[in-house]
Structure formats: structure tokens, C-alpha cells
Amino acid sequence: MGDCCACYGSLVSSSKWRIGFVVAASGKKSVEVSRPLTSRKAAGKLKLHRTWTPGRRVSKERYLSDRSRTTDLQDEGREEDGNQNEEGPSSDGVQLGLEFPQEEDETDIPAEEEVKTSSKLNCQHFSRCSGCAFENGLNNPPVYNEAVTFFQKRRIAKLQLIPSATHGWRCRAKLAVRGTSDDPFVGLFEEHSHSIVDIPECRAHHPSINAAVELIKAVIRDVGVQPYDDETCTGQLRYIQLVVNSYVTSVPVEQRKNTCKVQVSLVWNSRDEDSPGTELLHKMAYSLWRRGGQGSRRDLLHSIWANFQTTQTNIILGQRWRRLFGHSELWERVGGADVCYAPSSFGQANYQSFEDLLQRLQRYVRKGSAVVDMFAGVGVIGLSLAATRKCRFVKCVEVNKHCKEPFERSLSRLPASVDCQISWHCADAAEAPITWLEGADVVVVDPPRKGLQPVLIEALRTASLRAQGKTRSPSRNEIDKVEKRPWMLRAKDGGVQREGETTWRDDDVWPEQLIYVSCGWDSFKQDCEALEENGHWHLANAHAYNFFPGTDSIEILAVFRAGKRMKKKTRA
Ligand SMILES: C[S@@+](CC[C@H](N)C(=O)[O-])C[C@H]1O[C@@H](n2cnc3c(N)ncnc32)[C@H](O)[C@@H]1O
């Protein structure tokens, strides 16, 4: 299946779903895009909305009114204890028109646990659709209990699960298109079958996604587009990818609820746009844009893209893209930075939960740190740290070359006051990873569901030893990798690091902090054990997020520190 990842889209985000996704494009050489240091120092202080504290009992009304207040997180400093200063869902949740689990009057609010378990799905598609694994207790997935025990053994007393909006949270979806042109189905595969369940009223989807699906089905019927047939490998439209764009700045925040637009990608069964049969693609796109595009009565669509895919596998997206109508850039405000996404790049499906996670992650990074963001995608974590933590430098490392262009665009929107050298590198995190770690104070890893590669774990263990001033010769494997990738060697003062001679000076900087963002619980457990082995790293704090309500999965934000956990001194 390749690098399937819980965050990719509807077809892959549940343990029940059987379709996988293989990570796109691997760039061989390290392509660098960077922004030089600006001489100006950070000027204005960043104002972020303080919104909702999950541990507190707060009514939705109070939550909404809290949005008008602001707080200066810059002054909060680094947070060692994750249970302090907790931030809840951002104002984006309201902006996105999501349903929050807490609807009750403040006087009549059940305890936090009850709130979490009382949320019901109430979805008419549940019995057939493989998207959600359970209908009740959407904010209490069974795996959370296992996680609590796992972290308790590591002295994280009570792992908190930060709840999510339970309905309308999914802002990205990949849906299969099957059936006939007169009666198309758009949805997910039924479990253990090849049939598609039509899910027009999906409760997880953002309402704009369901509206776009309805429009697409109408156009399929009118234009006579043939949905894909898995047995004969014929038909034209295989999948659609729908991405909600919530950053519509032209309207006030409180009115954005109904103005989210949708970026539509039509996955077409042909090699490219010159292949026979693509006239129908253009006809379909034209009809869609006329009915739902900018200036139309519905004004629902952000843009329309074609993706060309002919392989007879479960891989959803092909490598070729073409913009047909609308904006070329999709912007979101994420973690204090304007971030641009291409339809081909990875993006989180639950915007609101990701925002919560990012705001907490930022507080673990000391101001002025040098950061390496591995598995960076379009660089969202790195950009948000650059924007909020006055980082010395940020290096983003990502294998998907399609993420380079959106990163460059985001870079151009970082305020000039952000005095940080930030760069994006197209590289495989498993190729000579030690070279990325050197010089950084903090390493952030956000791998696909399968977790970290053994060679990266080995490099992290070596880095921890170096950070503690312990010398260990690099393994033969590490040396070989470096020798094979000479373009990755950087000349250093004194020529300390040279091809074929991999030694490091004792005064070099190595990461003392590792921040692990995980969407794969099973791989995280294994990686955690491997990192802790022989006291290379120890777990300092962890938080759980419910990125996919209704599925048995959790997203983990874990903070490790180099070396063994220090024993508390006891008085004699
Ligand atoms: C879970 S996503 C995280 C992306 C980003 N941090 C975000 O939140 O948008 C994992 C990313 O790792 C990338 N990736 C997968 N395998 C990789 C590898 N071997 N080396 C570098 N990046 C890789 C994927 O392309 C994807 O963008």
C-alpha cells in the first residue's frame, strides 16, 4: 500500500477503510528554496484568539464571546507542563460552521467525560458506509484508553484527549465516483466489497463538501460523464478530491460560516489533457464552473483542477495536474501563518484540531530555536514556528516535490518582521538524516502513518548522544549514506565534515528536543520504544487529539528530551 496516511482523505482515514494512498513523487536531489535572513527584527506582537479551554466547563455562548478577546502568546514563554494554559478549538471552528460537542446551557452542562461520550453521529449512511467506525461517543475512541495506560507507564499522569467538533469537521475528502452517468454514486467503498456507498448526507463532511458533491452529480448526469468501472477499467471520472477553503478574507469572520468554497479536483482516467475523450472533461468543468464557480448564483467553488490517472491500482491521484478554472492558490491561515496548498500537496482534514495542536506545539519551542521540520509537506509546521517563535532558522524536509511551489508562495507572505532563515528541501528523510539534524535545537517529525524509518531513528539516537556531549562514531550505514549523497555535505568552518570522514566537533549543536506528531498509534508506540531504548530520549509530555471523530484513531503530540529522565532530587 505504500505510505498510507490517516490524514489524506476520506478513502483512507479510517481503520475500516480498505483503500490506501501511496505518497506522491520522490525527488532525488535536494531542492532548496529559502528565504534569507532579514535585518529587521520582529516588530508587532502576534495576537491570537484565546478561545476555549477543554478542561473548563464553558458554554458555546461563552466560547463565542471569548473569541473577541485576544491574548499575547508570545509572552507566555515555553510551556513545560502541557496541562497549563490550554487552548481549545480556534475561532476557525466557528468560522467553518462546525458543530461543537458542547451545546448546552452553562448551568446545565454535564461533566467533561459525559460531554465527550454523549456525542452521537446520527448519520443515515452509518450502517453501510465504512467511513465511521462507531456512532456514539465520537470524542472517546477506544484507542484513547490504551494510550492513557501507555503514557502512564512513562509518567505522563493523565493523557488529555482534546475533543473535536463531531460533525462537519472534515474539510478534505477523496471520494470514489462509480455507478452510471444517469445514476452516479459518490462516496466510500462498502466494507469488504467493491461497491460504493453514496453518502450525500455525510455528517463528517463539511457542509460545503456535500453541496459540491450534489452539484458534481448533477453535472455528471447532464453532461453524460461515465463513472469509472473497476472491473473493466473503463469510464472517465474515477475520483474527486474536495478541499474546503475557509480563509475567505473578503467577508467578516462571523459571516464566513456559509461562505467556505471548495477546490475540486477531477481524477480523470486518461494520460493527459490531450488524450482522446478529454473534451468531456472540459465540458464537465465548464458546466461545473458556470453553475458553481465565481460569479454564479451558488458561488460555491474555489477552483477546478484535473488530475490524470490511468494506473489500475488503488492509487487515487496521478502525477499530472492541470488547473481548469478558478484560483491557482488555496490559502489557509494556520498556526499564525498564511499557508498555501496545492491540490497535490498533503493537508490536514480536520482544520480546527490541527490548529489546536499547532498552537500547543508552538509553546514547546523556545524562542530563537533552530528547527528542522522533517516530513514537512508544504512546510506548515515550520512556517508557523518561524512566524511565532522568532526561530534562528527553520529547515523543512519533504519528499513530495509538488510541495515546493506552495512553500515558496507562503514564504512570500511571511511578514518582513519575521527574522528567520527558512528553507524547504526536497529530500527523503531516510537519506542521510543525520545531516539534517546537525545544527538544530529542535527536530519536529510528522511522518505518515507507518512512522519513522529505522535509519532516521538511528540518526535521532546518535543526535541525542551528540547533544549530551557523548561521542559515538557514526555507523557504517550512516557513513555510506553520506558518501553516496556528496551534494548534501555542507562545507563548514575548519572543514570538520568532509566526504568519507564523518566526524563531528564536540561544540556542534544537536537537537535536545524532539517533537513527534503522530497519526499512527501503532507505529508511534514502536518508535517511542526505540527512541527511549538505552536512555537516548525520554518522553517529557504528550497530548492526544481527536482528528477523526467516529474512527478508532488519535493524533499524538509528544515531546521528547535527549537523554535519560532526570530523577527528582529528594531531601536527605
Ligand atoms: C502526515 S504528513 C505531514 C505533513 C505536514 N507536516 C502537515 O501537517 O501538513 C507526512 C508528510 O511526509 C511526507 N513524506 C512521506 N515519506 C517521506 C520521506 N521518506 N521523506 C520525507 N517526507 C516524506 C509526505 O509527502 C507528507 O507530506
Side-chain angles (χ1 to χ4, degrees), residues 1-9 12-13 20-31 171-172 243 315-317 319 330 332 334-335 337 339-359 361-362 371-386 394-407 410 424-433 435-437 443-457 459-460 481 485 488 515-521 523-524 527 545 547-548 553-557:
M1 277 290 181
D3 291 354
C4 76
C5 173
C7 322
Y8 261 100
V12 287
S13 66
F21 184 84
V22 176
V23 165
S26 151
K28 276 277 175 206
K29 276 193 181 163
S30 164
V31 179
C171 295
R172 284 175 172 261
V243 179
I315 299 172
I316 297 172
L317 298 174
Q319 291 292 315
L330 185 143
E332 287 294 335
V334 198
V339 179
C340 182
Y341 290 92
S344 51
S345 47
F346 174 89
Q348 301 286 354
N350 191 332
Y351 292 179
Q352 181 200 328
S353 289
F354 186 50
E355 181 67 28
D356 295 348
L357 184 149
L358 272 185
Q359 289 192 14
L361 187 156
Q362 286 164 4
V371 178
V372 59
D373 175 12
M374 309 287 281
F375 308 95
V378 295
V380 54
I381 297 179
L383 286 161
S384 102
L385 291 176
V394 173
K395 276 184 200 163
C396 302
V397 181
E398 161 65 41
V399 80
N400 181 354
K401 64 181 181 201
H402 292 295
C403 295
K404 177 184 166 215
E405 205 181 310
F407 172 83
S410 306
W424 186 95
H425 310 258
C426 186
D428 186 335
E431 294 275 321
T435 55
W436 298 114
L437 305 181
V443 54
V444 179
V445 291
D446 182 6
R449 200 192 297 184
K450 67 178 181 183
L452 304 178
Q453 304 94 328
V455 62
L456 177 53
I457 292 182
L460 287 165
K481 285 271 161 70
R485 304 285 308 269
M488 293 182 67
I515 300 182
Y516 194 140
V517 179
S518 161
C519 58
W521 173 242
S523 59
F524 174 78
D527 291 349
Y545 292 82
F547 270 34
F548 301 96
S553 64
I554 45 174
E555 189 91 1
I556 295 288
L557 168 64

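Order of appearance sets the numbers: ligands from 1, and atoms from 1 within every ligand.
Of the listed options Lys450, Arg449, His402, Glu398, Glu398 places a heavy atom closest to atom 24 (C) of ligand 1.
Tyr341 is linked by a ring pair (Phe, Tyr, Trp, His ring centres under 6.0 Å) to nothing, counting only residues two or more places apart in sequence or in another chain. Here Ser410 pairs with nothing under the side-chain hydrogen bond (donor to acceptor under 3.5 Å, both in side chains) rule; sequence neighbours left out.
Here's the thing with Phe375: one of its N/O atoms is less than 3.5 angstrom from an N/O atom of ligand 1. Looking at Gln348 next to ligand 1, an N or O pair under 3.5 Å apart turns up. Residue Asp428 has at least one nitrogen or oxygen atom sitting less than 3.5 Å from a nitrogen or oxygen atom of ligand 1, judged on distance alone. Not a single N or O atom of Cys519, backbone or side chain, sits closer than 3.5 Å to an N or O atom of ligand 1. Of the N or O atoms in Ile381, none lie within a sub-3.5 Å distance of an N or O in ligand 1.
Only the backbone of Ala376 comes within 4.0 Å of ligand 1, counting heavy atoms alone; no side-chain atom from C-beta on gets that close. Only the side chain of Gln453 comes within 4.0 Å of ligand 1, counting heavy atoms alone; its backbone N, CA, C and O stay farther away.
Note that OH of Tyr351 and CZ of Arg172 are 5.0 Å apart. Values are rounded to the nearest 0.5 Å.
Ring planes of Phe524 and Trp521: parallel class, angle under 30° (limits at 30 and 60°).
Within ligand 1, the atoms closer than 4.0 Å to a non-hydrogen atom of Val380 are 7 (C), 8 (O), 9 (O), numbered from 1 in the order shown. Taking every non-hydrogen atom of Ala429 and a distance limit under 4.0 Å, the qualifying atoms of ligand 1 come out as 18 (C), 19 (N), 20 (N), 21 (C). Atom numbering of ligand 1 starts at 1 in the shown order; those under 4.0 Å from a heavy atom of Ala427 are 20 (N), 21 (C). When each atom of ligand 1 is checked for a heavy atom of Pro447 under 4.0 Å away, the hits are 1 (C). Heavy-atom contacts of Phe346 reach the following atoms of ligand 1: 1 (C), 2 (S), 3 (C), 4 (C), 7 (C), 8 (O), 9 (O), 27 (O) (cutoff under 4.0 Å).
There is no side-chain donor-acceptor pair under 3.5 Å between Asp356 and Tyr545.
Between Cys396 and Val394 there is a side-chain heavy-atom pair separated by less than 4.5 Å. Taking the side chain as every heavy atom from C-beta outward, Phe548 and Ser353 never approach each other to under 4.5 Å.
Taking both residues in full, the closest heavy atoms of Cys519 and Glu555 are given as CB-OE1, 3.2 Å, listed atom of the first, atom of the second, then distance. The two residues Ser523 and Lys450 have their closest heavy-atom pair at CB-O, 3.3 Å.
Residue contacts with ligand 1 leave out Gly347, since none of its heavy atoms falls under 4.0 Å from the ligand.
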